[in-house]
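Below is one structure, written out as structure tokens; comments come after it.
In what follows, every heavy atom counts, from backbone to side chain, and hydrogens, waters and symmetry copies are set aside.
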Amino acid sequence: SSSSSSSSSSSSDTTSADDAACTPADEKDVSFRDCQPFCSPLFADEHCGMCKCSACGFCGCTDGDETQPGLLSQPRCEDWCDEKFSDDHCKGCKCKSCPFCRHGKACKPASKDDSQFERCDSFCAAEFAADHCSMCKCKGCDFCAKALATASTKAAETATCKSDAPIGVWDSDHEQCEDFCNPKQAQDHCKLCKCKACDMCQCKSKLPGDSDKAQCQDWCELALWTSHCKFCKCQDCQFCKEGVPCDPENDQDSSDERCEKFCDKTFASEHCELCKCKGCNFCRDHVAYPPYPPPPPLRSPPPPPSAPGAVRAPEPPRSLAITAAGCASLALSWHAPFDKGTPIDAYEIVYKPSKDAGAPLRQNLPSGRETKTELTGLFAKTEYQIRVRAHSKGGWGLYSSTVSAVTAEPLHAPAKVEKAPVLVSSSCTSISMRMPAPRGGCSTDETFTMEWREGAAVLLESEVGWKPWRAPDGTQQVMDTVKMTGLSPYQAYQTRAIARNSRGAGPAGPESPALLVGVAPSALTSPPHVSSLGPNALALTWQHKTSSCRLGQAWELLIQRKLARDEATGATAVNAGSSHSSKDSKGAHSMSMSEWTTLREVVRGDQYHALSVRCPYGCSFKLRPLNLTGWRLYSDGSPVVTTPEEPKVADGGARIEIAISTLQIDAGSDKAALAAAANEIGVRVVSVVAAAVGIAR
């Protein structure tokens, strides 16, 4: 305690010494603050600049503004002081010695005898406010300020209101407070002009010159949020509504400035380092923010008057009404608006279903004389929101009031759906299908139902096997997406859609392609990838066709060869000749493709090396998955791939090709086995240079 007391006493002595010190204005001045007898408030501008008078009461400055800690006790004129904001700036000691604070705001004299600064001379009277408040000599009077505020309020009451309501929701053009406005729903209701005049939508502020509505004016800054967010003029800014970003002190700290319950002024030195506490009032005083001028006054100058002869957009059309409603159309009419001196040359009608959250539809009427039209191609039994605006050389005017109208009941059941459901997503046990887009008109598609079938029935062109889809809760009718669950990876499936409305159901639409879970149909029908490994070997891969839902899937592999036919002899060559030329010394070759034949009945996995396969003119390959009930589709054929030409045989030599259906030998004696096989067919073998062991057809 004694240490604390001595420290406090020392601090007090230091402060007193600093306050007493003063820099002399000239050689005759003293070096300490004083108030000598000659000092007079009549000469305050000169005397208060001298240490001899600086301690006098008329030279002191009492601010009393608790929102700006650290204000001086002596009047100053700092760099940020601005005459535009003199109503606020001149209340603080930091600006009180500025010329515009000492003499008043600069003012344009109304006459030669008027002042160049705003004053409140003795002759100024409230009963003559209409005349006196136009003079600079009286503009500084309180009754003139009140008259200006009243005029601004009346202007605000008659000003148009910009609505934040969603498209299609009718709102007022002026601020009101209607009966339905509810404080519990203030966040939504205060967006409507119909509620913006209610107390619940007003901003409560005790700060002088502040607004009564939450705004976000240009001068509001994130860096100075601790002071700016106290003003209604800034409280609608994003950083005031959602918080100020903050660098967390640790993993448990917040990412924006807050003031949580545990924050305690007693531990300010520690707590104010945390983002969770930096928003507390006791922490704000510890944060060193640069000085910044208070916000400008609420009043703003009126917009400049339109220049003579300026072209302006027309007013909103009046009395928009629905004159007739059909099952697919709405007829409407309106009264032409005031064109403000420029003839109207077009109208735009904006409309959309009330329950549709998408963009509205638009219809242009390229004539300013027509004030009626008909909207066609609409959905039956549907509510629409409609607005109209006019156009002239001055541009597009504002929209009219919104009207609502409901089209008539459909006259017929829907027609046959034109498109099949489309696969959206798939897992190992489910698929999701998107229904076709609904059609309007007098046979409107109000909802859809879906039918499906599985397995062998997919291969039939008849109506066998179709079953109605039902959701787990028993629902059948949908408008967008259907999810089928509990499916088998080894069955193929098909779906089709049926449109319905209040008049009944239409015929079933076309069937979707056969579907398998876990893979897109396009992947199964795409060709395999083929590359040549040498004169008589090719590599085939089809990883894009496989699925984790069917591990170890078996495939059937087919081959189609490109044939060369000698035009002179009619002979057909498959494996003879060069793969790089379609013409030899005997004559021209014409090319054709053979029939598809099975290369391998069962291949497991997602790749295969075709050995002892030569394609000098080119080969194509395709495959299909096996053991899938209801699926018989082959993939598309691969691009034609050729194998390179074999090395030339030396003079006096010959190349022998031996096809063996099955060979079971010791891997170490393969050359001897091949030599023995050659001898059996009457070929004398001197030596075997190389041999390949395998099973081939």
**Report entry** Within-4.5 Å side-chain heavy-atom neighbours: Leu515 and Met433
**Finding:** yes
**Report entry** Donor-acceptor under 3.5 Å (Ser400 side chain, Arg389 main chain)
**Finding:** no
Report task. Compare all side-chain heavy atoms of Pro316 with those of Tyr399 and state whether any distance is below 4.5 angstrom. Result -> no
Requested in this report: Could you grab the distance from atom NZ of Lys467 to atom CD of Glu451, nearest 0.5 Å is fine?
Outcome: 11.5 Å
Query raised in the report: Any side-chain heavy atom of Leu320 sitting closer than 4.5 Å to one from Thr402?
Result: no
Report task. Calculate, to the nearest 0.5 Å, the distance between atoms CG and OG1 belonging to Leu365 and Thr371 respectively. Result -> 9.0 Å
Requested in this report: Could you give me the CA-CA distance, side-chain angles and deciding distance for Asp253 and Lys276, then say whether salt bridge (charged side-chain N to carboxylate O under 4.0 Å, His left out) is met?
Outcome: CA-CA 6 Å; Asp253 202 5; Lys276 289 183 176 181; 5.5 Å; no
Query - Heavy-atom pair with the smallest gap, counting every atom of Ser547 and Gly518 - result: OG-O, 3.3 Å
Query raised in the report: Given the rule in the side chain to side chain donor-acceptor pair (under 3.5 Å) test, do Thr373 and Gln363 qualify, once you have shown the distances and angles that lead to the verdict?
Result: CA-CA 10 Å; Thr373 190; Gln363 177 175 310; 3.1 Å; yes
Query raised in the report: Quick one: does Trp466's side chain have a donor or acceptor within less than 3.5 Å of a partner on Pro468's backbone?
Result: no
Report task. Could you tell me whether Arg496 and Glu463 make a salt bridge, using a distance below 4.0 angstrom between a side-chain N and a carboxylate O? Result -> yes
Report summary line: dist Cys275:SG -> Gln252:CD (nearest 0.5 Å) comes out at 13.0 Å
**Report entry** Residues that Ser443 engages under side-chain contact (heavy atoms from CB on, under 4.5 Å), provided they are two or more places apart
**Finding:** His412
Requested in this report: Could you walk me through whether Leu332 and Thr323 pass the side-chain contact (heavy atoms from CB on, under 4.5 Å) test, one step at a time?
Outcome: CA-CA 5 Å; Leu332 54 147; Thr323 57; 5.6 Å; no
Requested in this report: Assess whether side-chain contact (heavy atoms from CB on, under 4.5 Å) is satisfied between Tyr347 and His391, documenting all intermediate values.
Outcome: CA-CA 6 Å; Tyr347 288 98; His391 182 272; over 6 Å; no
**Report entry** Ser392 and Pro314, any side-chain heavy atoms less than 4.5 Å apart
**Finding:** yes
Report task. Count the heavy atoms belonging to other residues, nucleotides or ligands that lie under 6.0 Å from CZ of Arg362, then report whether that count exceeds 12. Result -> yes
Query raised in the report: Tell me, do Cys327 and Pro410 make a side-chain contact under 4.5 Å, heavy atoms counted?
Result: no
Query raised in the report: Sub-3.5 Å donor-acceptor pair from the side chain of Thr444 to the main-chain atoms of Glu446, do we have one?
Result: no
Query raised in the report: Who are the side-chain contact (heavy atoms from CB on, under 4.5 Å) partners of Thr407, not counting sequence neighbours?
Result: Leu330, Leu378, Thr382, Tyr384
Query - Ala497 versus Phe448, closest heavy-atom pair with distance - result: CB-CD2, 4.5 Å
Requested in this report: For Ser329 and Glu374, run side chain to side chain donor-acceptor pair (under 3.5 Å): C-alpha distance rounded to whole Å, both residues' side-chain angles, the deciding distance at 0.1 Å, then the answer.
Outcome: CA-CA 7 Å; Ser329 64; Glu374 185 176 17; 3.1 Å; yes
Query raised in the report: Is the side chain of Asn501 donor-acceptor paired with the backbone N or O of Asp445 at a distance under 3.5 Å, no angle test?
Result: no
Requested in this report: With sequence neighbours excluded, tell me which residues meet side-chain contact (heavy atoms from CB on, under 4.5 Å) with Ala505.
Outcome: Ile498, Arg500
Query raised in the report: Do Asp636 side-chain atoms and Ser526 backbone N/O form a donor-acceptor pair below 3.5 Å?
Result: no
Determine all donor-acceptor pairs shorter than 3.5 Å in which one atom belongs to a side chain in residues 476-488; sequence neighbours excluded.
{"from": "Gln477", "atom 1": "OE1", "to": "Thr447", "atom 2": "OG1", "distance (Å)": "2.9"}
{"from": "Ser488", "atom 1": "OG", "to": "Tyr490", "atom 2": "N", "distance (Å)": "3.2"}

Report summary line: Between Lys139 and Cys144, the two heavy atoms sitting closest are O-CB, 4.0 Å
Requested in this report: Go through Cys234 and Cys216 one step at a time and tell me if the disulfide (SG to SG under 2.5 Å) criterion holds.
Outcome: CA-CA 4 Å; Cys234 294; Cys216 184; over 6 Å; no
Report task. Return yes if some donor-acceptor pair links the side-chain N/O of Asn364 with the main-chain N/O of Pro366 below 3.5 Å, else return no. Result -> no
Query raised in the report: Do the cysteine sulfurs of Cys141 and Cys133 sit under 2.5 angstrom from one another?
Result: no
Query raised in the report: Between the main-chain N or O of Ser367 and the side-chain N or O of Asp345, is there a donor-acceptor pair closer than 3.5 Å?
Result: no
Query raised in the report: If you count the non-hydrogen atoms of other residues, nucleotides and ligands that lie under 6.0 Å from CG in Asp473, is the total more than 12?
Result: yes
Requested in this report: Compare all side-chain heavy atoms of Phe262 with those of Leu274 and state whether any distance is below 4.5 angstrom.
Outcome: yes
Show me the side-chain donor-acceptor pairs of residues 414-424 shorter than 3.5 Å, one per line, residues at least two apart or across chains.
none

Query raised in the report: Who pairs with Val406 by side-chain contact (heavy atoms from CB on, under 4.5 Å), at least two apart in sequence or on another chain?
Result: Glu383
Query raised in the report: So how far is it from Ser426 OG to Leu516 CG, rounded to the nearest 0.5 Å?
Result: 8.5 Å
Query raised in the report: SG of Cys181 to SG of Cys195, below 2.5 Å?
Result: yes
Report task. Step by step, work out the side-chain contact (heavy atoms from CB on, under 4.5 Å) result for Ile349 and Ile386. Result -> CA-CA 7 Å; Ile349 299 91; Ile386 307 168; 3.8 Å; yes
Report summary line: Output for pair (Phe379 CZ, Lys381 NZ), nearest 0.5 Å, gives 14.5 Å
Query raised in the report: Does NZ or CZ of Arg318 come closer than 6.0 Å to the centre of the six-membered ring of Trp334, within 45° of the ring's axis?
Result: no
Query raised in the report: Once you round to the nearest 0.5 Å, how far does CD of Glu370 lie from CD1 of Ile344?
Result: 13.0 Å
Query raised in the report: Is Ile322 close to Ser333 at the side-chain level, that is, under 4.5 Å between some pair of heavy atoms?
Result: no
Requested in this report: Please report the closest heavy-atom contact between Cys549 and Pro489, naming both atoms and the distance.
Outcome: O-CB, 3.7 Å
Query raised in the report: Counting only heavy atoms not in Arg434, do more than 12 fall under 6.0 Å of its CZ?
Result: no
Requested in this report: Would you mind reporting whether Trp631 and Gln491 have side-chain heavy atoms less than 4.5 Å apart?
Outcome: no
